[in-house]
Structure formats: structure tokens, C-alpha cells
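In listed order, ligands and their atoms are each counted from 1.
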Amino acid sequence: MGGPEIERLIGLLAKLPGLGPRSARRAALKMLQQPESRMLPLAAALAEAARAVTPCSLCGNLDSRDPCAICADTVRERGLICVVESVGDLWALERAGVHHGLYHVLGGTLSALGGVGPEDLNLSPLLARVGEGGVREVILALSATVDGAATAHWLADRLASAGVTISRVAQGVPMGGALEALDDGTLAAALRARRAS
Ligand SMILES: [Zn+2]
């Protein structure tokens with residue numbers, strides 16, 4: 001129906017998280033019916049974001065500037081680093097406004113079964129950041145999975161001699177759930193009630 005352009009558009013939209021073929025068709029139709037007001041601005045925003053946004057060389061956050069706005073913010077507490085698995089987790093913590101220090105995005109967790117080793121994650125730059133001094137506490141905000149726990153253990157082990165407090169977010173992070181799935185109140189409680197590990 002409608003030609004290869006429409007099929008291609010629907011196919012690409014259907015690959016986005018949260019969109020199956022059915023919602024992709026609805027989104028495509030909505031855009032095609034209002035090309036000037038919906039489709040062209042979206043196309044321009046996509047191209048611009050693809051061109052401008054890169055991972056922050058310090059923390060791994062995504063931003064159009066490097067260092068990112070969070071790393072460059074002099075008001076934030078620089079001695080406090082919250083370690084998260086994904087940029088989505090960082091965004092969730094920022095939305096909740098519960099962390100006023102810096103972040104470090106690992107890009108996943110260690111996984112013996114999944115074949116993910118330390119060299120596959122953004123781990124060495126974190127050890128280097130702590131090694132440079134000035135860091136007082138590292139908060140491990142990793143999910144309560146076997147892999148999340150293994151990653152937290154690995155990091156706590158490597159940072160043990162660095163003279164920094166290592167803490168973990170408290171219960172409330174559901175098994176297998178990412179931080180971004182939590183509501184703001186639960187996130188705030190989990191971060192406030194963190195324990196030294
Ligand atoms: Zn950054």
C-alpha cells in the first residue's frame with residue numbers, strides 16, 4: 001500500500017523501542033497527512049541530533065557539547081560520582097532531581113554469560129577519574145540483577161584502595177529492572193538510603 005517510501009518509513013519506525021508495526025503505521029500516517037508541520041521538522045531534528053550529539057568524553061552522557069553540560073556545571077558536587085548502566089538511567093536520575101554530583105555511564109554491566117568483560121565497558125575511564133583524586137564518594141546505582149551485582153563487586157574491589165567511599169543504592173531497585181523504569185519518589189528514596197558497601 002502506498003509505495004516503497006511509505007513501507008520503508010513504517011519499517012524504520014517499527015524498529016524504535018515501544019513502537020510495533022501497528023503504532024508505526026499510525027505514526028507514519030499522522031506525519032504523512034501533515035508533512036509541513038510534523039514530518040519536515042522531525043526530519044530536520046533527527047539530522048541535527050545525529051550530527052551534533054556525541055558521548056561525553058568524561059562521563060559517557062550524550063550531549064551536543066563535550067564535556068557535557070553536567071560535567072561542565074561548576075555548581076555540581078565534583079567529589080560525588082554516581083555510576084549508572086545507561087544514559088537512560090542518568091536521564092531518569094536527572095528528571096527526579098535527586099543527584100547533585102557527577103555521573104559515569106558504564107554502557108552496560110559485566111556479564112559472564114553474555115561475554116561482556118571489563119574492556120567492553122566504560123570502566124577504565126572511571127578508575128582513572130577516581131585515581132586523579134578529588135573524588136570523595138562513588139555511588140553504584142546499578143540494577144539489582146546478577147550482572148549488576150557482579151559489576152558493583154568488581155568496581156568496589158578495584159576502588160577499595162583508592163580511599164573513596166563506595167556506596168550502593170538501597171533496596172527499591174526491582175530485580176532485573178533498570179533505574180529508568182522507577183518513579184521519581186522511589187528513585188529518590190533508593191539514592192537517599194544508599195549504604196556503604
Ligand atoms: Zn559528562
Spacing of CG belonging to Leu16 relative to OG belonging to Ser23, to within rounding of 0.5 Å: 10.0 Å
By side-chain contact (heavy atoms from CB on, under 4.5 Å), Glu94 pairs with (sequence neighbours left out) Ile70, Arg76, Leu90, Tyr103
Quick one: list whatever passes side chain to side chain donor-acceptor pair (under 3.5 Å) with Asp66, sequence neighbours left out. Ser57
Leu113, CG: over 12 other non-hydrogen atoms inside 6.0 angstrom: no
For the Zn ion (ligand 1), what is the number of protein N, O or S atoms at a distance under 2.8 Å? 4
Any side-chain heavy atom of Leu80 within less than 4.5 Å of one from His99? yes
What side-chain donor-acceptor pairs closer than 3.5 Å can you find for residues 147-162, not counting sequence neighbours?
residue : atom : partner : partner atom : Å
Asp147  : OD2  : Ser111  : OG           : 3.2
Thr151  : OG1  : Leu110  : N            : 2.9
Thr151  : OG1  : Asp147  : O            : 2.7

